[in-house]
Asker: 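One structure, as structure tokens, below. Some questions next.
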Amino acid sequence: MAANSSSSSAVKMASDGLWQGENPLDFALPLLAVQIAVILGVTQGLALALRPLRQPKVVAEILGGILLGPSALGRWGAFRRTIFPTWSSTALDTVSGLGLLLFLFLVGLELDFRAVRRVGPRSVAVAAAGIVPPFLAAPALVPLLRLAVPAQAPPHDHRHHHAAPFLPLCVFVGAALSVTALPVLACILKELGLLAAPLGETAMAAAAVNDVFAWALLAIALAVSGGNHKGTSELAPVYIVASGTAFVAFMLCALRPLMSRLARRHAGAVTSSSSTTGAAVACALALLAGTATDAIGVHPVFGAFVFGLSVPRDGGLAERAREAVAPLVTGLMLPLYFAASGLHTNVDAVRGAAAWGVVALVVAVAFLGKFGGTFAVAACTGMARREAAALGVAMSAKGLVELIVLNIGKERKVLDDTTFAIFVIMALTTTVLATPFMTALYRSTPTATTPESDGTELKGGDVCPA
């Protein structure tokens, strides 16, 4: 059965073998296995090459995807048709999306708001200062973006192609400019020995608050970009926001207390079998929570993240679920998501001086907006200027949430190929700059007044997954 059939559903799972005249790479499962092996080989090689520069793995994984995609090796027709044919994208995207969903469940499990309470109002103020300036810059940036990057029609489509509506584009751009990648930030701070220092504790607490704000912004972006299907009500965005709010309230106000009581009741009767069962049930519920938010009209990762927040930290359930899921997700499935994002990025789409000028402007707004607001508030709350500057740099690091916003914006047709590529370049640039700037600003690791990490330390020797 030919793999280049117009319908990917016509592709068989596995071949009957070369001896019967069938190429395994024309079938779904062996091709997916080869794709995963190629992606892991390239990204791990880049990670080793970038290790002396102390860059987080996400940089290597996105770069690996870009190298394998249409910007580099994807130009070679034989390579693209053999290893990454168009018909195979659904399988790779599905596996990487499942890894993303489970990783967001892990992120929800890892967020410890005890650090926010310890740091106090400063963490909320620093988070807000890093979000508001770049988000407010979006309405001014969008018109320039449209001038420099006109709406593009798909190849061989000569019909008029309308640009995305202004409001959804503003919300997506604002969210992309405003987010901080908590896992990337944790890795940078751990690499520099600052994770348990006062600076690291403030940064992690502010990033936790930023993550919650980022998911709220993403939910709003999804709501305002929905409701444009034929036959849907104009009030669909209102219904989406209301349903999403009800979902969050149920998970945190009803489900979390119930799970806490169950965890305390069974805390003393934990066996190996019950531990495995509890972790499996938690993962199943995270997947169902993702299904629920997808039904609402919000991306499935939002449901998994909120469910992770609702899992009680007492009783050991969160820790057992993390230990069961983390190795497979962070070691295998999540790199596929970053690489898939790179595969969908065509740097060649950014053409001309105007487009590259917009790239420089977007990078400047994303970095300076986060840095300026964070530095000002941190300094005003009594932090030393050098630490305030280091905190501003740290909060500018992008990563997972940034790519989720961009990929969903592309799926919703809010971001075209050129705009998507511009913001991927911005995410890479700000993340790459964070470590050397942090090193230059904060060379010595504080030893006095260094508190216990109490949950902000990366657990189990995690290797900076995102």
Side-chain angles (χ1 to χ4, degrees), residues 35-75 80 83-84 89 92-93 95-97 99-100 103-104 107 172 175-177 179-188 191 214 301 329-350 359 362-363 366-367 396-411 415 417-436 463-466:
Q35 289 175 336
I36 293 173
V38 169
I39 289 171
L40 292 179
V42 170
T43 56
Q44 291 302 313
L46 284 172
L48 289 174
L50 294 174
R51 182 173 292 175
L53 302 178
R54 307 171 84 176
Q55 291 295 328
K57 279 182 64 180
V58 62
V59 172
E61 289 161 355
I62 299 174
L63 280 176
I66 292 175
L67 288 176
L68 293 170
S71 304
L73 286 173
R75 293 171 176 268
R80 184 181 65 252
I83 306 299
F84 294 103
S89 61
L92 181 61
D93 289 344
V95 173
S96 63
L100 174 67
F103 182 73
L104 264 294
V107 171
F172 270 101
L177 293 172
V179 299
T180 295
L182 188 146
V184 172
L185 175 60
C187 293
I188 293 172
E191 182 71 25
V301 297
V329 171
T330 60
L332 176 63
M333 300 178 73
L334 192 64
L336 300 182
Y337 181 79
F338 292 120
S341 298
L343 283 167
H344 296 156
T345 303
N346 186 2
V347 178
D348 285 348
V350 185
V359 172
V362 168
V363 171
F367 186 82
S396 69
K398 306 293 184 183
L400 180 70
V401 182
E402 171 81 9
L403 290 180
I404 295 172
V405 172
L406 297 180
N407 279 289
I408 294 175
K410 191 174 182 181
E411 291 172 9
L415 305 179
D417 288 346
T418 306
T419 307
F420 179 82
I422 287 172
F423 279 88
V424 170
I425 293 170
M426 178 271 286
L428 266 176
T429 304
T430 54
T431 304
V432 167
L433 292 177
T435 296
V463 286
C464 301

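Here the structure is a predicted model, which means the values were calculated and not measured. For this chain, numbers begin at 1 and follow the sequence in order.
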Asker: Taking the side chain from Thr430 and the backbone from Ala397, do they hold a donor-acceptor pair closer than 3.5 Å?
Answerer: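 No; zero donor-acceptor contacts below 3.5 Å.
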Asker: Do you know which two heavy atoms are closest between Val179 and Ala176, and how far apart they sit?
Answerer: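 Looking at all heavy atoms of both residues, the shortest contact is CG2-O, 3.9 Å.
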Asker: Would you sort out whether Val58 and Leu428 count as a side chain to side chain contact (heavy atoms under 4.5 Å, CB included), showing the intermediate values?
Answerer: CA-CA 9 Å; Val58 62; Leu428 266 176; over 6 Å; no
Asker: Within a strict 4.5 Å, meaning less than it, do heavy atoms of the Gln55 and Pro436 side chains meet?
Answerer: yes
Asker: Any donor and acceptor pair, going by atom type alone, linking the side chain of Gln35 with main-chain N or O of Ile83 inside 3.5 Å?
Answerer: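 A pair under 3.5 Å: yes.
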Asker: If you take all heavy atoms of Met333 and Gly99, which pair is closest and at what distance?
Answerer: CE-N, 3.4 Å
Asker: Taking all heavy atoms of Gly331 and all of Pro335, pick out the closest pair and write down the distance.
Answerer: O-CG, 4.0 Å
Asker: Please report the C-alpha distance between Leu177 and Phe423 in whole Å, then the side-chain angles of each, then the deciding distance to 0.1 Å, and finally whether the side chain to side chain contact (heavy atoms under 4.5 Å, CB included) criterion is met.
Answerer: CA-CA 9 Å; Leu177 293 172; Phe423 279 88; 4.0 Å; yes
Asker: Is the backbone of Thr345 close enough, under 3.5 Å, to the side chain of Ser71 for a donor and an acceptor to pair up by distance?
Answerer: yes
Asker: Go through the steps for Lys410 and Asp417 under the test side chain to side chain contact (heavy atoms under 4.5 Å, CB included), then give the verdict.
Answerer: CA-CA 8 Å; Lys410 191 174 182 181; Asp417 288 346; 3.1 Å; yes
Asker: Is there a side-chain contact between Thr180 and Lys398 in this structure, where contact means two heavy atoms from C-beta onward sitting under 4.5 Å apart?
Answerer: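 Of all side-chain heavy-atom pairs linking Lys398 with Thr180, none is under 4.5 Å.
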Asker: Find out whether Pro56 and Thr431 are in side-chain contact, i.e. whether some heavy atom of one side chain is under 4.5 Å from a heavy atom of the other.
Answerer: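 The answer is yes, as the side chains (C-beta and beyond) meet within the 4.5 Å cut-off.
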Asker: Taking C-beta and beyond as the side chain, do Leu50 and Leu53 meet within less than 4.5 Å on heavy atoms?
Answerer: yes
Asker: Are Phe84 and Leu92 side-chain neighbours, meaning at least one heavy-atom pair lies under 4.5 Å?
Answerer: yes
Asker: Provide the closest heavy-atom pair for Thr43 versus Leu40 in the form atom of the first, atom of the second, distance.
Answerer: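 Result for this residue pair: OG1-O, 3.3 Å.
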Asker: If I take atom CZ from residue Phe103 and atom OG from residue Ser96, how far apart are they, to the nearest 0.5 angstrom?
Answerer: 14.0 Å
Asker: What's the shortest heavy-atom distance between Ala366 and Met426, and which atoms?
Answerer: CB-SD, 3.6 Å
Asker: Please check if the side chain of Thr419 supplies one atom and the backbone of Leu415 the other of a donor-acceptor pair under 3.5 Å.
Answerer: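 Side chain of Thr419 to backbone of Leu415: no pair is present.
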Asker: Does Lys57 use its side chain to pair, donor to acceptor, with the backbone of Gln44 at less than 3.5 Å?
Answerer: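 Checked: no pair found.
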Asker: Side chains of Tyr337 and Asn407: any donor to acceptor distance under 3.5 Å?
Answerer: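 Note: Asn407 and Tyr337 side chains meet the donor-acceptor criterion.
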Asker: Taking the side chain as every heavy atom from C-beta outward, state whether Leu406 and Phe172 have any pair of such atoms under 4.5 Å apart.
Answerer: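 Not in contact.
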Asker: For the CZ atom on Arg54, are there more than 12 heavy atoms of other groups (residues, nucleotides or ligands in this structure) within a distance under 6.0 Å?
Answerer: yes
Asker: Within the structure provided, determine whether Val59 and Leu46 are in side-chain contact (heavy-atom separation under 4.5 Å).
Answerer: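 No, too far: nothing below the 4.5 Å cut-off.
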Asker: Among Asp348, Leu343, Val350, which residue satisfies the side chain to side chain contact (heavy atoms under 4.5 Å, CB included) criterion with Asn346?
Answerer: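 Passing option: Asp348.
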Asker: Tell me, do Leu403 and Ile62 make a side-chain contact under 4.5 Å, heavy atoms counted?
Answerer: yes
